[in-house]
Every structure is written in C-alpha cells, then in structure tokens.
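Below is one structure, written out as structure tokens; comments come after it.
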Amino acid sequence: SGRKSALVDPLQFMQLDAMLSAGERSLRQRARRVLEEGRDDKLLNELYERAEFSPALVDLAKQLGPAGLQIKGNGCPGLTQSETLVLAIELGRLDASFATFYLVHSGLAMASINVAGTPEQKARWLPRMARYELIGAFGLTEPDYGSNATGLQTTARKVPGGWVLNGHKRWIGNATFCDIIVVWARDTASNAIKGFVVEKGMKGFKPHKIDNKMSLRIVQNADFVLDECFVPEDNHLSAAKKFSDGTQMVLESSRAVVAASAAGCLLGAYERALQYCMDRTQFNKPLASFQLVQERLMRALGHLQASILTVIRLGRMMDEGQATMAQIALAKAWVTRTAREAVALCREVVGGNGIISDFGTIKPLMDLEAIYTYEGTYDVNMLIAGRLVTGLSAFV
Ligand code: FAD
C-alpha cells in the first residue's frame, strides 16, 4: 500500500472514539492492537480455502484476555453490553469466522451456563472456559426447527441419576471439536425445554462436520444425533425453571453482538477497498479519483457510520435496561442487511481482484450471508420488531 488517503481511519469520520467512555476506548484500542499484532491474513485465507479451524485462533482469542464477556465472577471479565459490542466490532473487522468462534464460546455457551447453571455448575465450568481450557458450543437449532427453534423435538427423559437425551441438532458452531455443548431438550414429563451440558466423548453423542459451506468456512458447524445419550444430573442446568428465564437475555445480547460483528466486517472491507482504490491506477489516475468509485466508497462509508451509530446507541440502551426485543431485533436485521449490501460495494470497487481472498473483500461478503441468517434470520427479526411496533404478529 503506497498512496495514503486523507482519512485513513473510517471510525474517525464521525469521531467514534469521542462517543465512547474512557474504558470502552481503551478496550477498543487494546483489542485493535492485539488483533493487528496477531493477525495472519495468509493463514486465515488458507483456513478459509480448506474450510478448517486452527488452534492458532484459540491462541489469538486468549491474547484478548479471559472469555465470558458480560459474566461477572468465575474468572470472567464482566464487560458491559456496550463494551461487548465495541469488542465485537473489532473481532468482525479481523474475520467473521473468528468472531463467530469467539462469540459462540464466550457468549452463547458461557452465558447459558451462567444464567441456567447452579453456583456449583458455574464454578465447575466457567473458570476453565474463561481460560480456554474448555471450549463451548450452544445447541438449540434442529433440522426441522430453525426459525421456529422453540418447537424443538429433542427429548430429555428423567432416569435415576440423570437424564437420557434423544434427538437431532444441526448447525451447532464449534461442536465438532469443543469440550462441552449446552443442549436444549424437551422434558418428556413436563414438556418444558431444559438445558443440559453434553461433554465430548459421552456415549450416544457423535458430531459430524457440515461440509460444503461457502460462508464462514473457518467455523466448524456440526450436525449430531443424540441417541440414548445419558447425562448425569450434575450436568442438568437446573437453575432456570423455564427456557425463557435468562435464555431470552442470552439470545438478545447475542443478537446485538452479531449486529456489531457485521458492522466490524464492513469496517474491515471498507478499509481494504479504500486502500486498494488509492493504490491502483487506471487511465493514469488512481481509482479513488473517479466519481463513480468515490460514490461507491462513500455509500459504504455512510452505511458503516449508520451501522456503528446504531450499534453503540443500542449498547447504551441495553446497559440502561431501556432496549426491548424490538430495538435489538431491528438493529440485528438492519445492520446485517446494510453490511451485506455495503460490503458488496467494497468488493465491486476492487474489480477482478475483489474476488480473490488476498484482497480482503470477498471473504466478508460471503461471511455476511451466514451472519444475515443466524441468530434469527433477517425476516424473523424484522417480524419480531414489526410485532412489537404494530401489536400484530405476522409470523405465528
Ligand atoms: P428456516 O427457518 O427454514 O427459514 C428459511 C427462510 O424462511 C428464511 O428466509 C426465513 O427468514 C424464512 N422464514 C421462516 N419462518 C418465517 C416466517 N414465520 N415468516 C417469514 N419468513 C419466515 N444454531 C444453534 O443452535 N447454534 C449455533 O451455534 C448455530 N450456528 C449457526 C451457524 C451458521 C453458519 C448458520 C447458517 C446457522 C447457525 N445456527 C445455529 C442456526 C441458525 O440460527 C438458523 O439457521 C436460523 O435460525 C434459521 O433457521 P433455518 O436455517 O432452519 O431457516
């Protein structure tokens, strides 16, 4: 990269750092420094091509400090929602697969144990998860229950000393290699959905990697059948009486985080596209000097500013207890869709090279297809917001 643009850091355009508290700012700067020092784009692109995960990514995550995001105690960092979102922007900026691995472990899996586990269960798993000695996953989705996840059919049958699980889970991130999976299953006696910790190697549980994914290829998603899988009573997350107790909060926080990681993906793609357009010459002029190229770049920059402002405002509202599901769902849907459209503009201005992974715009474009879909699809999140705004449910 030779020619410098007049404004290199897009976060300075609307002075993002001035909106952050001192703590948020230093967290962002520290995460940026760690991830810039640890980043290995060649490795990420190779892993992407081979659709492989690497322990090097766990090591990089460790550099960011203990896992656990907003969990207080048990060796976890106790971040605010706003701090979590600021971190997620930086994770997404590096790589969306890395962000997904990080957030499934640190967010969905650990937060579920934190809200649904007893004090003994938290003390048993969370400190080791915070240190990445144990990696976690979150198993809610089933082949026939995606958007309609709470219709899940996996069963839990009470037996002396524990529970027997039967069913089929799909799309479970990290579950091909992780140590523990929070599995949600329906109690055959009460019909209530309950959480269980299934451990690697338990009889009746064998995960299979989902192949041929063209998005988030570094993340390993598993399909697995639970076949008379015995789980001891100690692994039943019994502190939550109902599925919605706490789990709702885990999913809401996670949806906001996904929006932030999508904004981060756009941030990374925009930076790469701007630099490319400064460096590349056509018709004896830098691409960045052409009107149409500037329009594409500024459209992407506008989308980026709006996405980040939405994410930061959402974090503030969540920390103040002011955000309902409507704000969170609309933010997730809108930011992921906006990022998906804006990253396509970044890809476009890089021309033919834009489809080569080394140039940093095609991977986020592919990845956003999954981000737009998981944690509630665009449609479902729009309809959740629509239901709260109109008072009319359009989807059930
Ligand atoms: P479907 O529900 O079949 O939806 C298909 C289409 O129909 C979508 O466009 C949807 O918007 C639309 N649609 C469905 N219902 C309605 C309706 N009522 N009104 C209007 N439109 C509707 N799950 C986990 O539990 N753990 C994980 O770690 C995990 N990781 C994932 C990682 C990846 C890469 C992906 C792709 C998925 C992951 N998921 C995970 C599952 C994810 O949450 C689901 O894919 C998602 O909820 C959508 O479900 P579905 O794929 O079955 O789509």
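The structure presented is a predicted model; accordingly, all values stated were derived computationally and were not measured. In listed order, ligands and their atoms are each counted from 1. Computed from heavy atoms alone, side chains included, the values below leave out hydrogens, waters and symmetry copies.
Side-chain atoms of Gln121 come within 3.5 Å of backbone atoms of Thr118 as a donor-acceptor pair (strictly under, hydrogens ignored).
Heavy-atom contacts from other residues, nucleotides or ligands closer than 6.0 Å to CE of Met14 number 12 or fewer. Heavy atoms of other residues, nucleotides or ligands lying less than 6.0 angstrom from NZ of Lys62 number more than 12.
Atoms CD1 and CG, on Ile362 and Asp367 in that order, are 10.0 Å from each other to the nearest 0.5 Å.
Ring-centre distance between His105 and Tyr132: below the 6.0 Å cut-off.
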Any protein N or O within less than 3.5 Å of an N or O in ligand 1? List each pair with its distance, or say none.
from     : atom 1 : to     : atom 2 : distance (Å)
ligand 1 : 2 (O)  : Ser147 : N      : 2.9
ligand 1 : 2 (O)  : Ser147 : OG     : 2.6
ligand 1 : 9 (O)  : Asp379 : OD2    : 3.3
ligand 1 : 11 (O) : Thr377 : OG1    : 2.7
ligand 1 : 11 (O) : Asp379 : OD2    : 2.8
ligand 1 : 18 (N) : Phe395 : O      : 3.4
ligand 1 : 23 (N) : Thr141 : OG1    : 2.7
ligand 1 : 25 (O) : Leu140 : N      : 3.0
ligand 1 : 25 (O) : Thr141 : N      : 2.9
ligand 1 : 25 (O) : Thr141 : OG1    : 3.1
ligand 1 : 26 (N) : Phe138 : O      : 2.9
ligand 1 : 28 (O) : Gly173 : N      : 3.0
ligand 1 : 30 (N) : Trp171 : O      : 2.9
ligand 1 : 49 (O) : Ser147 : N      : 3.4

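Salt-bridge annotation for Glu375 and Lys332: absent, with no side-chain N of the basic residue lying under 4.0 Å from a carboxylate O of the acidic one.
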